[in-house]
Amino acid sequence: MKTTRSEEMYKIALELMPGGVNSPVRAFGSVGRKPLFIDHAKGAYIYDVDGNKYIDYVCSWGPGILGHAHPEVIEAVVKACFDGLTFGAPTGKENRLAQLIKDCIPSMEMVRMVNSGTEATMSAIRAARGFTGRDKIIKFKGCYHGHSDGLLVQAGSAALTQSVPDSAGVPASFAEQTLVALFNDKDSVRQLFENNKDQIAALIVEPVAANMGVVLPEEGFLQFLREITEENGTVLIFDEVITGFRLGLGGAQEYYGIKPDMTALGKIVGGGMPMAVYGGRRDIMEKVAPLGKVYQAGTLSGNPIATTAGIKTLELLRDHPEIYPQIEANARKLATAFASRADKYGLKLHINQVGSLMSAFFTDQEVKDYASATSADTKAYADYFGYMLEQGIYVAPSQFEAMFISATHSDADIDRTVEALTR
Ligand SMILES: *Cc1c(COP(=O)(O)O)cnc(C)c1O
């Protein structure tokens, strides 16, 4: 078979970058394939360097809620570029973006802009530690908060007693400060608080877990986290890097009606540019330098181009309230199509969906935590991925990533996807 241009580029990339990529999931390893190299994308479609066109349900892993290359966002960005790419000094654009965020998410009384979700969660935790004077944190197995040392901990079966780093290069002494609880398991959280009285600075959670596939919080779980953190003087951090502006303008905290102390944002907030934000209670954020003693800085933070893309994206979402019900309805249509595929072919499929986020797990178990998520048959997922690609539909190259619906997925795109699923 003739080698494709993607294959040629991949071969060159392998010599230049680890695994040929700048972020591991892009390598298509978990579906046993070689990556597609992308030429360009527009609206709901992504085009590879071999001229193939796909309906895109990856949406750059979340940022692309308005679809690719939205003309108003591009126009604003191009215009901003002519005024200079970076100044390392404050601009009015940062005020505008900060105010927009605060209007959408009132718990974010004060914010700080950074360049990646990794930085946002890492810095929120540092602020929480500085504020409480405590060292330990709690995270949940299967929740992803970026790749900072203390958060690359998932722990094995000894989850509740031992904290094992998830990556080489993370000192065990860092990992020890990270306690790991089980998502949707209140007792696992209670036990950690009992065993570590007055030592826990922060509890960080994805209010809807979306990095072990989409896993919804059970009724009362987030409320329980709010109460137990409050009782223990622990800072509750919602990692809304995916859910922020995805489950509505106010994110998961508005959707579920729970007010965290701190929030991390990324992905959509930068409209496709490198931008992330952390923020929350004023008394906590006032600990951040130069006001307070928690140091955190960034040469390109609040960059004028990234803020421009973020402002325009949030304004469009705010001014088009029809978008959220539309993308949610489309996600429901796809969920129904998955269900009928499962029926037709006798597949074991469990579908989790909230708003425009969804996952089809190849398992007969109800998926409500890491253990049930990882019961999924990843080989069956890889087959499904290959089948969809042949149909001109690009879904996440991993069972454990979400499917994202954008405002540019038309009825025709959704119908075509439904048809591929139910054929
Ligand atoms: C993507 C993601 C991050 C990390 O963001 P980066 O910009 O990739 O560093 C953190 N938390 C969640 C929930 C994410 O989905």
Side-chain angles (χ1 to χ4, degrees), residues 23-25 61-63 101 105 107-108 110-132 134-155 163 165-167 170 174-175 177-181 183 200-212 215 217 222 225 229 234-247 251-253 258 260-270 274-281 284-285 287-289 294-298 300-302 306 310 401-402:
S23 198
V25 73
W61 308 99
I101 292 168
I105 308 174
S107 74
M108 297 182 81
M110 259 188 163
V111 299
R112 170 62 61 82
M113 292 166 200
V114 291
N115 306 294
S116 68
T118 294
E119 265 187 275
T121 57
M122 177 185 80
S123 310
I125 283 169
R126 187 179 300 146
R129 283 176 165 149
F131 179 73
T132 57
R134 302 173 180 177
D135 288 341
K136 291 184 179 167
I137 59 166
I138 295 177
K139 79 174 283 288
F140 290 90
K141 190 169 181 176
C143 281
Y144 179 67
H145 304 293
H147 63 87
S148 68
D149 285 338
L151 289 169
L152 271 187
V153 180
Q154 290 188 329
S163 298
D166 224 26
S167 160
V170 176
F174 289 12
Q177 304 299 325
T178 305
L179 310 173
V180 181
F183 198 73
I200 299 174
L203 180 149
I204 184 164
V205 65
E206 290 180 79
V208 172
N211 285 286
M212 48 176 153
V215 180
L222 296 175
L225 296 181
T229 47
T234 294
V235 175
L236 176 62
I237 305 172
F238 273 10
D239 179 350
E240 298 226 39
V241 170
I242 282 189
T243 53
F245 310 107
R246 170 60 64 179
L247 294 189
Q253 53 196 273
I258 306 289
D261 301 305
M262 302 270 287
T263 300
L265 299 170
K267 300 194 168 112
I268 293 174
V269 79
M275 154 74 68
V277 181
Y278 70 99
R281 268 167 51 187
I284 300 173
M285 289 305 288
K287 299 292 180 200
V288 176
V294 174
Y295 192 71
Q296 186 273 310
L300 295 174
S301 294
E401 303 284 354

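The basis for the numbers below is simple: all heavy atoms, side chains too, and nothing from hydrogens, waters or symmetry mates. Just so we're clear, the structure is a prediction, and the values are computed from it rather than from any experiment.
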Using the side chain to side chain contact (heavy atoms under 4.5 Å, CB included) rule, take Val205 and Phe238 through it: C-alpha gap first, then chi angles, then the decisive distance, then the call.
-> CA-CA 5 Å; Val205 65; Phe238 273 10; 3.7 Å; yes

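Here His147 contributes atom NE2 and Glu119 contributes atom CD; the two are 9.0 Å apart, rounded to the nearest 0.5 Å. In this structure, OG1 on Thr243 lies 10.0 Å from NZ on Lys267, to the nearest 0.5 angstrom. Summarising the geometry, atom CZ belonging to Phe140 is positioned 15.0 Å from atom CG belonging to Asn211; distances are rounded to the nearest 0.5 Å. Between atom CG of residue Asn115 and atom CE of residue Met275 there is a gap of 7.5 Å, rounded to the nearest 0.5 Å.
Nearest heavy atoms, Val269 versus Ala276: CG1-CA, 4.1 Å. Closest heavy-atom contact between Gly244 and Ile268: O-CD1, 3.7 Å. Closest approach of Pro207 and Phe183 over heavy atoms only: O-CZ, 4.1 Å. Residue Arg126 comes nearest to Tyr295 through the heavy atom pair NH1-O, 2.9 Å, listed as atom of the first residue, atom of the second, then distance. Nearest heavy atom pair, residue Gln296 against residue Ser123, reads CG-OG, 3.5 Å. The shortest heavy-atom contact between Val241 and Leu265 is CG2-C, 3.8 Å.
Side chain of Ser148 to backbone of Thr118: no donor-acceptor contact under 3.5 angstrom is found. At least one donor-acceptor pair closer than 3.5 Å links the side chain of Glu206 to the backbone N or O of Tyr144. A donor-acceptor contact shorter than 3.5 Å links the side chain of Thr234 to the backbone of Ile200. Of the possible polar contacts, none joining the Gln253 side chain to the Ile105 backbone as a donor-acceptor pair under 3.5 Å is found. The backbone N or O of Leu152 lies less than 3.5 Å from no partner atom in the side chain of Ser167, so there is not a single donor-acceptor pair. A donor-acceptor contact shorter than 3.5 Å links the side chain of Lys139 to the backbone of Val153.
In this structure, Arg112 has no salt bridge (Lys or Arg N to Asp or Glu O under 4.0 Å) partners at least two apart in sequence or on a different chain.
Residue Ile237 forms a side chain to side chain contact (heavy atoms under 4.5 Å, CB included) with just one option from Asp261, Leu203, Ile125, and that option is Ile125.
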